[in-house]
There are 2 protein chains.
Amino acid sequence: MARPATVSPDRILSAAAAEFSTGGFDGARVDRIARRAKVNKAMLYYHFGSKQRLYRELLRRIFAQVAERLRQVGAGDAEPAAMVDQAIDVIARLAREHTYFPPIMLREIAEGGTHLDRDTLTALSSVPMAFGAIVARGVALGAFRPVHPIAAYFTMIAPLMVYLAAAPIRRELSDARLVNPAPIDVDEFIAHLQQTMRRMLAPDYRDAAARPRTRR
Amino acid sequence: MARPATVSPDRILSAAAAEFSTGGFDGARVDRIARRAKVNKAMLYYHFGSKQRLYRELLRRIFAQVAERLRQVGAGDAEPAAMVDQAIDVIARLAREHTYFPPIMLREIAEGGTHLDRDTLTALSSVPMAFGAIVARGVALGAFRPVHPIAAYFTMIAPLMVYLAAAPIRRELSDARLVNPAPIDVDEFIAHLQQTMRRMLAPDYRDAAARPRTRR
DNA sequence: GTCTATACTTCGATAGAC
DNA sequence: GTCTATCGAAGTATAGAC
């Protein structure tokens, strides 16, 4: 306890995040993870037992963190629409901070939950649950039109993950001059998404940012 | 020419689609592809040369087909908003017909374009190009507000791909009773997405389905 | 064009000393 | 807890007969 004992497990998880994000479960190499983490491969097995267990542990942590932040947003006192803005901000910030997050999430969806055990699936589902709660509350308050919370979740998370994960491809395409010279800035895209969600959730199509003046 | 000669290449591509969609490039096994296609592994190499070349060929075909259908929609004479509805329908139909399509597309985005050569990247980019053209035309006509075509593309394609690709996970979650008992139907979700896109693109927030009655 | 057998490589995992 | 050495399975690809 005196000395700041080895933090091998954390270093391994960081290295695993980087490795799994670029190649997925099957593309990841245990040797590379160990090398990146600057630990011996045997050490990795000593701590995590297997490649699969390491993978699950990593994903559980990622999803738990995202869900936790969303719950914090939901526990705040902002108005429903502002809460959704905040939720998008929070996820976007997390995703840009940990660039491994969007690719890993997308791939796990594409994978159909193979590799995952029950605990990890629970952690994964806690993300839509936390966001859905925010939407459901807005609907109950009449601030949103009656939208299915899970539909709203997909409409929000998918563009965010795909746009952020596609950054390398966009770069490649623009380098190869394969696409028009008008790229979209990340911040612009996030603002666009927030606007889109507001429009999607607005209870009355005629009601803009302005308060409804109880016309009639 | 007399007899309907072997269609090995096509059978191999079908088998490859199934195999690559579940495991990605690294998870796919050449042996399994050959077995599914009921051809010998050597035959597969005879026709395609390598696992990577087979993969690229497959992706090029998928993307080309999607882009082609989008171009057909764009060449029609529907109004811009209806065209976007049609575009969503077309992609959704293709994705449900070929269930391998959404997972493969998501994974390739997550992969950041590794495994892809220039031709395949071109084919991939032709999809956003075709959809972007529809949006750009709507903007030019004043039927849509000035939205970045690529932003619009991501807002449309991402929920569609993610929602459809997530079907296995949703099933698993509901089987395990990990999620509320109010699932969303696929058709409902597509309708939701079409509505969301209409709201996103509407030039005037006060303008509903009704014609603007030049109030003021 | 088709098939069998196999070469060659890579990778996940462990044994066993310290 | 840490490291070296290595096993054994699995996987891509090819050689060569028909």
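The shown structure was predicted, so the numbers you read here are calculated from the model rather than taken from an experiment.
Of the possible donor and acceptor atoms, none in the side chain of R36(B) sits under 3.5 Å from a partner among the backbone N and O of A15(B). Counting only distance, with no hydrogens or angles, the side chain of K51(B) and the backbone of A28(B) share a donor-acceptor pair below 3.5 Å.
Rounded to whole Å, atom P of dA13(D) lies 10 Å from atom CG of L44(B). Taking atom CZ of residue R11(A) and atom C1' of nucleotide dT2(D), one finds them 13 Å apart after rounding to whole Å. Between M43(A) atom CE and dT14(C) atom P the separation is 15 Å, expressed in whole Å. To the nearest angstrom, C1' of dG12(C) lies 16 Å from CZ of F48(A). Rounded to an integer number of Å, the gap from NZ of K51(A) to C1' of dA13(C) is 12 Å.
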Report, one pair per line, the protein and nucleotides 4-9 of chain C atoms (nitrogen or oxygen only) whose separation is under 3.5 Å.
residue, atom, partner, partner atom, Å
dT4(C), OP2, N40(B), ND2, 3.3

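Of the listed nucleotides (dG1(D), dG1(C), dG12(C)), dG1(C) has the atom at the smallest distance from the side chain of Y46(B). Considering only the side chain of Y45(B), dT12(D) comes nearest among dT12(D), dG1(C), dT2(D).
Within the helix from dG1(C)-dC18(D) to dC18(C)-dG1(D), the inter-axis angle between the opening and closing five-pair segments is 10°, rounded to 10°.
Here the shortest heavy-atom pairing between G27(B) and R32(B) reads O-NH2, 3.4 Å.
In this structure, D26(B) does not pair ionically with R107(B), as no charged nitrogen and carboxylate oxygen lie closer than 4.0 Å. A salt bridge is absent between E57(A) and R53(A): the closest approach of a Lys/Arg side-chain nitrogen to an acidic carboxylate oxygen does not fall below 4.0 angstrom. Using a 4.0 Å cut-off between charged nitrogen and carboxylate oxygen, R61(A) and D10(A) count as a salt-bridge pair.
Of all the residues in residues 19-39 of chain A, not one reaches under 4.0 Å from DNA chain D with any non-hydrogen atom.
With rounding to the nearest 0.5 angstrom, the CD atom of Q86(B) is 11.0 Å from the CG atom of L70(B).
In this structure, Y55(B) has its ring center under 6.0 Å from that of F20(B).
Side-chain atoms of H47(A) and S8(A) form no donor-acceptor pair, as typed in the model, at a separation below 3.5 Å. For the residue pair T122(A)/D119(A), the side-chain donor-acceptor check at 3.5 Å is not satisfied.
In this structure, R170(B) forms a cation-pi arrangement with Y163(B), its terminal cationic atom sitting closer than 6.0 Å to the ring centre and no more than 45° off the ring axis.
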